[in-house]
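One-based numbering along the sequence shown.
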Amino acid sequence: MGKTELYALYKGFLDCICLCLSHSSDDGPDSKGRDAANGHLIYKSGDVLQDRYEIINTLGEGTFGKVVQCLDHERGGTQVALKIIKNLEKYREAAKLEISVLEKIREKDPNNKHLCVQMLDWFNCYGHICISFELLSLSTFDFLKANNFLPYPLNQIRHMAYQICLAVNFLHDNKLTHTDLKPENILFVNSDFSLVHNTAKKCNEKRINDTAVRLVDFGSATFDYEYHSVIISTRHYRAPEVILELGWSHACDVWSIGCILFEYYEGFTLYQTHDNKEHLAMMERIHGPIPQRMIQRSRKQKYFYRGRLDWNDCSKAGRYVTTKCKRLREYLLSHATEHHLFFDLLEKMLEYEPSKRIALSSALSHPFFLPLIQPRRSQVWRNSCDMSR
């Protein structure tokens, strides 16, 4: 055998060893053999993790990592969602915090009566923390998008809203604030739909068959006793006390829910902006002036001049806000009683002062929800309201 053949054989032997090492079951954070440059785990359909989770396909990707659909062979081939965190220290630490929240939820609600997504298992694989969950379907945002942003019917919003309030109230009762509530973090259990003709729009629209939802993504959830970051929430769902840096608590979740429900009702976000001062100007256009007490206590005095928002309605940004926004009640799509009740709930959720904002324990008994909690009484009450109008 010549030198060339010997070299080729030796190189092939080394490559084989390297390949075996790169696929070894090393759970330490220094195992980079299966990582892409950005920290994601490299995998393909059919790969099996922990001799248990067979990867079917990728469901989604975020800054934290990826979510994949798997068959859990220890659960008889049940399909689950597996969240695979990037092999980077800051994401591993965040994942550990999320796991502590999910373990608390599982401890306090073992039968999943409060509609928060259930963690089934977690493990460390090649330096990636992996968390398995019950497999859910499309998010309420993705369904809205697939439906050309046609709003959800009010009776469906009612059921979704009640479930969201129930889930988040459960968190608040257990000294947790979600801090990142948005339509993307509310998932349908099953997103099968029927096609219904929309006479007003002269088109077919998708109508979800089952409005059962689950609350997901507890990566930013914060216990009452933990350090509270100054800035929380995705922009469009951020409460005024967060923007003004007044400190925050459970009430910031209530504000976010109000924004979410408006989006379900109209098909677009209430605050379409990416700038703090413009955001505050939109709030004033929709809800009236920001209370003086909040302005005086704010750490963001640069947004104000002589106790008022420093804003020029005649500027380009000012004209945008004037065109884009109107008083909240002007967004009513109908003057039927149930629509007015819905907006009464929105107004209570979108109250500037956190101390005056409705608590979710009270929101759950709001008259808007009567058809769900007391159907017979609701019909009598609605008839009496209609007669008095």
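- Between Tyr271 and His287, the two ring planes are tilted [angle within 30° to 60°].
- Checking Asp224 against Ser249 by side-chain atom types alone, no donor-acceptor pair falls below 3.5 Å.
- At least one side-chain heavy atom of Tyr352 sits under 4.5 Å from a side-chain heavy atom of Glu284.
- Among all heavy-atom pairs drawn from Arg238 and Met283, the shortest one is O-CE, 3.8 Å.
- With rounding to the nearest 0.5 angstrom, the CG atom of Leu187 is 7.5 Å from the OG1 atom of Thr140.
- For Val254 against His172, the heavy-atom pair with the smallest separation is CG2-CE1, 4.5 Å.
- Judged purely by atom type and a 3.5 angstrom limit, Ser298 has no side-chain atom pairing as donor or acceptor with the backbone of Met294.
- Remark: the backbone N or O of Gly77 is not paired with any side-chain donor or acceptor of Asp72 at under 3.5 angstrom.
- Looking only at side-chain heavy atoms (C-beta outward), Tyr126 and Ile42 stay at 4.5 Å or farther from each other.
- Annotation: side chain of Leu261 is not in contact with side chain of Arg158 (no heavy-atom distance under 4.5 Å).
- Looking only at side-chain heavy atoms (C-beta outward), Gln79 and Glu134 stay at 4.5 Å or farther from each other.
- With hydrogens and angles ignored, the 3.5 Å screen pairs no side-chain donor or acceptor of His279 with any backbone N or O of Pro240.
- Leu135 and Gln69 get closest at one heavy-atom pair: CD2-NE2, 3.9 Å.
- Rounded to the nearest 0.5 Å, atoms CG (Leu150) and CG (Asn198) are 6.0 Å apart.
- Closest approach of Val196 to Arg207, counting heavy atoms only: CG2-CB, 3.7 Å.
- Across His40 and His128, no two heavy atoms sit closer than the pair C-CE1, 3.7 Å.
- Side chains of Asp35 and Asn87: a donor on one and an acceptor on the other come within 3.5 Å.
- Heavy-atom minimum distance, Gly46 versus Glu54: O-CG, 4.1 Å.
- Taking 4.5 Å as the limit, every side-chain heavy atom of Asp180 sits out of range of all side-chain heavy atoms of Ile232.
- Below 30°, between 30° and 60°, or above 60°: for Trp248 and His228 the angle between ring planes is below 30°, a parallel geometry.
- Counting only heavy atoms from C-beta outward, the side chains of Glu353 and Arg293 approach each other to under 4.5 Å.
- The aromatic rings of Phe188 and Phe143 lie perpendicular to each other, with more than 60° between the two planes, well past the 30° mark.
- In this structure, Phe262 and Phe343 have perpendicular ring planes: the angle between them is above 60°, well past the 30° mark.
- For the atom pair CD1 (Ile260) and NE2 (His236), the distance works out to 12.5 Å, reported to the nearest 0.5 Å.
- Counting only heavy atoms from C-beta outward, the side chains of Ile257 and Leu360 approach each other to under 4.5 Å.
- Without hydrogens or angle criteria, Lys277 side chain to Trp311 main chain gives no donor-acceptor distance under 3.5 Å.
- In this structure, the side chains of Arg214 and Gln118 stay at 4.5 Å or more apart for every pair of heavy atoms.
- Arg306 contributes atom CZ, which lies 14.5 Å from atom CD1 of Ile295 (distance to the nearest 0.5 angstrom).
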